[in-house]
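Chain identifiers are assigned alphabetically (A, B, ...) following the order of the sequence lines, protein sequences preceding nucleic acid strands; residue numbering begins at 1 within each chain.
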Amino acid sequence: MEVNLIFKIAAVGILITILGQVLKHSGREEHAFLISLAGLILVLSWIVPYIYELFETIKSLFEL
Amino acid sequence: MVKLLTVLGLVFIGIVFALLLKKDKPELTIFLILFLCIFIALHILALFQTILEEVSVFGSYLEEYAGFLKLLVKMIGLTYLSELAAGICKDYGYSSIGNQIEILGKMLIIVIGLPILRTIMELLEGVLK
């Protein structure tokens, strides 16, 4: 799971950049912004379980 | 050794992609860097688990003060987590927030260390009397 998450994030980043450029040049500026926001939230949803897992491990390991 | 190689390999790939995205989508790189930190942190915690099992054997020697070993482990955890967060904040140029997080971590450690301080004071008082 680990490795392809990195590739997925990179792929989403590149895709959004291209889409944003295309939308910008075709005059729809606000769509470009919405697209990058959507990509951001998508990647955030991928990362949150990992953050939760890290905090749970630390909490259980150090008895915090 | 193999674990180190896998981690390093993954980290370098991640850094390359982070640099790729840095120019036009810096906000996405923070997730990538966060994921790399978490990946390494999980490896660190696995190693720390084995260390902890060994060290907890020493707990039996300090009969009366075995609780302090637990406090020590808590302090290590606090330091590690606050350093991780502060480092990431500083990486992205928000060193003021990073410093605040460091100070917060130090304060928490002081709060946890208060019982130890009290025990030392009592011992000293006993000696001086």
Q: Treating Ile, Leu, Val, Met, Phe, Trp and Tyr as nodes and any side-chain heavy-atom pair under 4.5 angstrom as an edge, say whether I44(B) and I88(B) lie in one connected cluster.
A: yes

Q.
Applying a heavy-atom distance below 4.5 Å, give me the residues of residues 13-29 of chain A that approach chain B, sorted by number.
A. G13(A), I14(A), I16(A), T17(A)

Q. Nearest 0.5 Å, what's the CD1-CZ distance between I9(A) and F17(B)?
A. 10.5 Å

Q. Most heavy-atom pairs under 4.5 angstrom with chain A, which of K74(B), K70(B), E27(B)?
A. K74(B)

Q: Examine whether an atom of F31(B) lies under 4.5 Å from a heavy atom of chain A, and if so say whether it belongs to the side chain, the backbone or both; otherwise answer neither.
A: both

Q) Contact part of L108(B) toward chain A, heavy-atom cut-off under 4.5 Å: side chain, backbone, both or neither? A) neither

(Q) Quick check on the interface: out of L52(B), L10(B), L45(B), who has the most heavy-atom pairs with chain A under 4.5 Å? (A) L45(B)

Q. Nearest 0.5 Å, what's the CD1-CG distance between I47(A) and L32(B)?
A. 7.5 Å

(Q) Quick check on the interface: out of T29(B), I76(B), L20(B), L81(B), who has the most heavy-atom pairs with chain A under 4.5 Å? (A) L81(B)

Q | Between CG on residue L36(B) and CG on residue L5(A), distance to nearest 0.5 Å | A | 9.5 Å

**Q.** Side chain, backbone, both or neither of L21(B) within contact of chain A (heavy atoms, under 4.5 Å)
**A.** side chain

**Q.** Which atom of Y50(A) lies closest to which atom of I38(B), heavy atoms considered
**A.** O-CG2, 3.8 Å

Q.
What residues of residues 51-62 of chain A make heavy-atom contacts with chain B at a cutoff under 4.5 angstrom?
A. I51(A), E53(A), L54(A), F55(A), T57(A), I58(A), L61(A), F62(A)

